[in-house]
Amino acid sequence: MEKFLLLKMKLLSAGARYPDSASCDCLVINLLGLCRLELFDIALFLWCKTFKMGAMDVQLESTAVQHGQAKINVEEHALVSLLSDEKYATEKTEDVDPDDYEKLEEGIMQYGCAHYRRRCRIRAPCCNEIFDCRHCHNETKNSIKIDAVKRHELPRHEVQQVICSLCGTEQEVRQVCISCGVCMGKYFCEVCKLFDDDVSKQQYHCNGCGICRIGGKENFFHCSKCGCCYSIVLKNSHACVEGAMHHDCPICFEYLFESTNDVSVLPCGHTIHVKCLREMEEHCQFACPLCSKSVCDMSKAWERLDEELATISDTCDNKMVRILCNDCGATSEVQFHLIAHKCQKCKSYNTRQI
């Protein structure tokens, strides 16, 4: 009731003329049903503008028709307002002066190094020298050509100063140059101090890992126990190993967590470089270097080995040995063979004598 009286007072104060009080009450009720209280002033303005209330001494011949017209105007205005609110942020970012946009894009993909396409260089605080990126620094300052005492690496988070590749201005870490206004990296992470113009890598920052990764955030998940991001296809099927990525590759000894090379997760849960795994397979090595479990499905190979061993005569028929299966962990006592011993539980030949 209080809302009704408030709206009626607003309507009368607008200078509207009505044939009777009932018409005024009818209009208030209809407008009250059309919009929220905060939109009533808009509806009233549109109604007054449409019918020139107070400006023309006219009789309201059909309040129903007029109420209907007011309803259309109010709904259209409300719809435009809602759409404007939803698109405000997008319009704000897209509403960039063409000259400013051209400046931001100047030199894109024309600068950088073998690791990143970017329009800035970094100053390493550890040695006060300038490099294209921290990987370039680490390759130079942590190589075997450098005296062992002077070798060092640059952690990503310690980068404080960058130099614009276009104008040469040295400044604190930021995405847009303070001098020439160029965007120094289309992808920019303030936490990792990372710049990259090649956004086709689908970079994203993982809070769990604390670093940026590539491949698209929607394609990966972070495993808290393993301490790393894995492909979404492994979410419910991988074997968790505490800190699986926080160690060196068992073949090339590169630290896997920050490696720029592709890493493979083995069925046992251990990790290894993809290229290192392929080299193992080329040399007929199909067991994990850390736990000796098979790195792939070997059932066909075991069937083939069964056929081969059946054709080989064995002169040690009476000798029995105990074996441990590297795949299932079971122990068993089997007849000694010069070539291989078969697990009695999982039928694997990936065993060792104990």
Next on the checklist: Is the distance between the ring centroids of H341 and Y349 under 6.0 Å?
Outcome noted: no
Item to check | Residues R118, D132: salt bridge by 4.0 Å N-O rule | outcome: no
Checklist entry - In Å, rounded to the nearest 0.5 Å, how long is the span from CG of L305 to NZ of K300? => result 15.0 Å
Checklist outcome for this item: Residue pairs passing the side-chain hydrogen bond (donor to acceptor under 3.5 Å, both in side chains) test with at least one member in residues 106-116, sequence neighbours excluded, are K103-E106, H115-E139, Y116-H135
Checklist outcome for this item: On a heavy-atom basis, the closest approach of C177 and C180 is SG-N, 3.5 Å
Checklist entry - Can you list every ring-ring contact (aromatic ring centres under 6.0 Å, His included) pair that touches residues 244-268, not counting sequence neighbours? => result H246-F257
Checklist entry - Are R278 and E282 within salt-bridge range, i.e. N to O under 4.0 Å? => result no
Item to check | Taking every non-hydrogen atom, the tightest pair across K141 and C127 | outcome: CE-SG, 4.1 Å
Next on the checklist: Strictly by ring-ring contact (aromatic ring centres under 6.0 Å, His included), give each pair with a member in residues 150-180 just once, sequence neighbours left out.
Outcome noted: H137-H152
Next on the checklist: Would you say CZ of R304 has more than 12 non-hydrogen atoms from neighbouring residues, nucleotides or ligands within 6.0 angstrom?
Outcome noted: no
Checklist entry - Are I272 and V295 linked, directly or through other ILVMFWY residues, by side chains that come within less than 4.5 angstrom of each other? => result yes
Checklist entry - Same cluster for I232 and V263 if Ile/Leu/Val/Met/Phe/Trp/Tyr side chains link at under 4.5 Å? => result yes
Checklist entry - According to the side-chain hydrogen bond (donor to acceptor under 3.5 Å, both in side chains) rule, which pairs have a member within residues 184-197, sequence neighbours left out? => result R119-D197, D196-K201, D196-Q203
Quick one: side chains of residues 214-229, donor-acceptor pairs under 3.5 Å with protein atoms, not counting sequence neighbours, listed by atom name and distance.
residue: N219; atom: ND2; partner: G215; partner atom: O; Å: 2.7

Next on the checklist: With clusters defined by side-chain heavy atoms of hydrophobic residues (ILVMFWY) lying less than 4.5 Å apart, directly or transitively, does M298 cluster with L309?
Outcome noted: yes
Checklist outcome for this item: Minimal heavy-atom distance between V162 and E172, with the atoms involved, is CG2-O, 3.9 Å
Item to check | Nearest-0.5 Å distance that lies between atom NZ in K347 and atom CG in D327 | outcome: 14.0 Å
Item to check | side chain to side chain donor-acceptor pair (under 3.5 Å) partners of E303, counting only residues at least two apart | outcome: none
